[in-house]
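Please read the structure below before turning to the comments.
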There are 2 protein chains.
Amino acid sequence: MEPAQPRRRATLRDVARLAAVSPKTVSRVVNHEPGVTAAKVAAVTAAIDQLGYRPNVTASALRRANGRTATIGAVLEDVANPFSSALHRAMEDVARARGVSILSGSVDEDPARERALISTFFGRQIDGLVIAAASDNQAYLTTEMLGGTPVVFVDRPPIGVRADAVLIDNRAGARQAVEHLIAAGHRAIGYVGDLRSIATAQDRLQGYRDALAGAGIRPDPGHVVEDRHTEDAAERAVHRLLDGQAPPTALFTAQNLVTIGAIRALRARGRQRSVALVGFDDFPLADLLEPGVTVVAQDPSAMGALAASLIFRRLDGEVWPPVVHTIPTRLIPRGSGEIRPG
Amino acid sequence: MEPAQPRRRATLRDVARLAAVSPKTVSRVVNHEPGVTAAKVAAVTAAIDQLGYRPNVTASALRRANGRTATIGAVLEDVANPFSSALHRAMEDVARARGVSILSGSVDEDPARERALISTFFGRQIDGLVIAAASDNQAYLTTEMLGGTPVVFVDRPPIGVRADAVLIDNRAGARQAVEHLIAAGHRAIGYVGDLRSIATAQDRLQGYRDALAGAGIRPDPGHVVEDRHTEDAAERAVHRLLDGQAPPTALFTAQNLVTIGAIRALRARGRQRSVALVGFDDFPLADLLEPGVTVVAQDPSAMGALAASLIFRRLDGEVWPPVVHTIPTRLIPRGSGEIRPG
DNA sequence: CTGAAAGCGCTTACAG
DNA sequence: CTGAAAGCGCTTACAG
């Protein structure tokens, strides 16, 4: 005769009652602590199976000395964009190996959402946080970090707070992209970039300027378009650039979606084989487009894996002053960036 | 004089002490319960700010009558694949509107991982679960659901358990895809599909057979390739199909990555404009390839949003017998599927 | 080897 | 309007 299944989940106490032992003994079995007779282990195990008991991790964390919930937070730009989701997946793989789950959320470049997410995540007692920040200052995190929770910045540098970071050299990567276009013979090179509010966008624009300056090219202010955050906005910007007085013969598109928008504009004009293009950020199928899209690629998987492992090393008790890790970028020539000026 | 910041996070008790009120009064303020004098509200609020106090949601959930943690679980195929991540994002948007966070994980078609994730998520007291199942039986979920936690299946039907589901009609969608190729004049149509272990893959193969049967075409067993789960495997399969005795003049590729692998094979042979192709599942940039890739598209955003809203309706107390929602698919002609036989 | 008591941070159910 | 006591499910710190 089995007892009727209760509408509530079985507790450790229920298991103890059924196995005729104390709660503490059940706790010992569940946590694989030594010093319980085989007979009691068997009784407890049987009771656990019979009741479908599953320990309440949150209750356990509440009382445990270290208070760990085996959960880390990931504050991402958008879980659905390929860069964020590759980061996310790499974090997950590192976390899973340690039995740790991931709470994630998208900020969409909205500082208010960033703060709301972080507040929510800390309220849920995360053990660590990986953040791709959208705000222009994260000083508010100092309070959270006083609790000893490790925080690692990824993709975007920390501002107003000292923390580990896993970044790329955006300026050098952008410079390399533009130098590649210069090497192909271009001197009129357009820049289309993301929101000015994003630090990495500023760095990439700086890299663009560095490359022009390095080649002794006078930058044409009319060739620089900032604050394009969507495909559509980028597409319109490229149309306008090409409609200008002295249109550029090459484009440096400083972000994923911007690159795709630019390609749509070039296609619409039948110019994809006559206007050169190098994009920042790789994206799926870039090699299958015609021409293939030359990009400066980041390695989001490596970034996510490193960020997560830094969290875990701190949780394991390692101590070091906040450090910035710079992951190399890589220029991948695929055709669009090797087009020579008309 | 501020007191030295403690190394631990401030608790409700700390706030009470500083504000010189009882813990219960702090609780009232934090939860916006009425009946607290303005003076005490002000004192408590000030103490909260000074200490950087943030309520511990897990402790609160532990004691609360409904035990809600404001967290739902998402068991996905792979957070990094476009289909899963679109699902994920849509769920997030619905959840955020209710202040609910998402715990997610990737199963990679591994039933063991599916069970481990679910066990982990329930151990963290999720309020609801959305699952794209990889296992061939989810009877084990019955125990979890006895606790009253709503579970919604998405993309893959529940097997061995009664639960809500948000699916598409895979068989009808596949049939439509193949009929489209038949309408273009093809009779030798290859099928390349995902793992046999996936129910939706079986349905799609069935739809392929339906279409051929409907047109009175004798299916050629040599034209059917199953169990291709990666781009590479699909690419090799298409090479083999085209090297066969009576190669197909058109392909129906029954999944995302399979479609991309097939395109790579066709490109490698310079056949992308002579062999017709319709894929199941849309993917980013499908319209920018040349030719554009004709697909039967699902709507993962709509699926994720509906799945999440079903969870919340149940949490709000609505009751109904488990129901299957079928989201329509849509054939999007872009070029590859309109190629006529040689 | 085993268990009774106390307490993690919070809310419930009362009493005043 | 306010607070003291008890308890959510678990682990700690002891005692036997």
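Numbered from 1 within each chain, the chains take letters A, B, ... in sequence-line order.
Phosphate proximity of dT11(D) to N31(A): present, with a side-chain N or O under 4.0 Å from OP1 or OP2. The side chain of T11(B) contributes no N or O atom lying less than 4.0 Å from OP1 or OP2 of dG9(C). For the pair T37(A) and dC1(C), the criterion of a side-chain N or O lying under 4.0 Å from OP1 or OP2 is not met.
A straight line from OH of Y53(A) to C1' of dG9(D) spans 7 Å, rounded to a whole angstrom. Rounded to an integer number of Å, the gap from CZ of R17(A) to C1' of dG9(D) is 12 Å. The CD atom of Q125(A) sits 9 Å away from the P atom of dG9(C) (whole-angstrom rounding). To the nearest angstrom, C1' of dC10(C) lies 14 Å from CG of N66(B). Between E33(A) atom CD and dC1(C) atom P the separation is 13 Å, expressed in whole Å. We find that CG of N56(B) is positioned 16 Å from P of dG9(D), with the value rounded to whole Å. Atom CZ in R68(A) sits about 16 Å away from atom C1' in dC8(C), given to the nearest Å. For the pair L51(A) CG and dG9(D) P, the interatomic distance rounds to 13 Å; values are reported in whole Å.
Using modelled atom types and a 3.5 Å distance limit, the side chains of S106(A) and E77(A) yield no donor-acceptor pair. Donor-acceptor pairing under 3.5 Å is recorded for the side chains of S135(A) and E114(A). Using modelled atom types and a 3.5 Å distance limit, the side chains of S301(B) and R89(B) yield no donor-acceptor pair.
Base pairing in DNA chain C yields stems of at least 3 consecutive Watson-Crick or G-U pairs, both distances under 3.5 Å, namely C:1-3 with D:14-16, C:5-12 with D:5-12, C:14-16 with D:1-3.
Between the side chain of D127(B) and the main chain of I72(B), no donor-acceptor pair closer than 3.5 Å is present. In terms of modelled atom types and a separation under 3.5 Å, the side chain of D316(B) and the main chain of E318(B) share no donor-acceptor contact.
The side chain of R64(B) has dT12(C) as its nearest neighbour among dT12(C), dG9(C), dT11(D).
Judged by the 6.0 Å and 45° rule, R115(B) forms a cation-pi pair with Y140(B).
Judged by closest nucleotide on DNA chain D, L62(A) is the one of A65(A) and L62(A) placed further toward the 5' end.
Here the closest heavy-atom approach between residue F121(B) and residue L103(B) is recorded as CE1-O, 3.6 Å.
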Polar atom pairs between nucleotides 3-6 of chain C and protein, under 3.5 Å, N or O only, would you list them?
| from | atom 1 | to | atom 2 | distance (Å) |
| --- | --- | --- | --- | --- |
| dG3(C) | OP2 | S22(A) | N | 3.2 |
| dG3(C) | OP2 | S22(A) | OG | 3.3 |
| dG3(C) | OP2 | T25(A) | OG1 | 2.7 |
| dG3(C) | N7 | R28(A) | NH1 | 3.1 |
| dG3(C) | N7 | R28(A) | NH2 | 3.4 |
| dG3(C) | O6 | R28(A) | NH2 | 2.7 |

Validation: residues 157-166 of chain A side-chain donor-acceptor distances under 3.5 Å, sequence neighbours left out:
| from | atom 1 | to | atom 2 | distance (Å) |
| --- | --- | --- | --- | --- |
| D164(A) | OD1 | R314(A) | NH2 | 3.1 |
| D164(A) | OD1 | W320(A) | NE1 | 3.0 |
| D164(A) | OD1 | V323(A) | N | 3.0 |
| D164(A) | OD2 | R314(A) | NE | 3.0 |
| D164(A) | OD2 | R314(A) | NH2 | 3.0 |
| D164(A) | OD2 | W320(A) | NE1 | 3.3 |

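To the nearest 0.5 Å, atom OG of residue S104(B) and atom CD of residue E92(B) are 9.5 Å apart.
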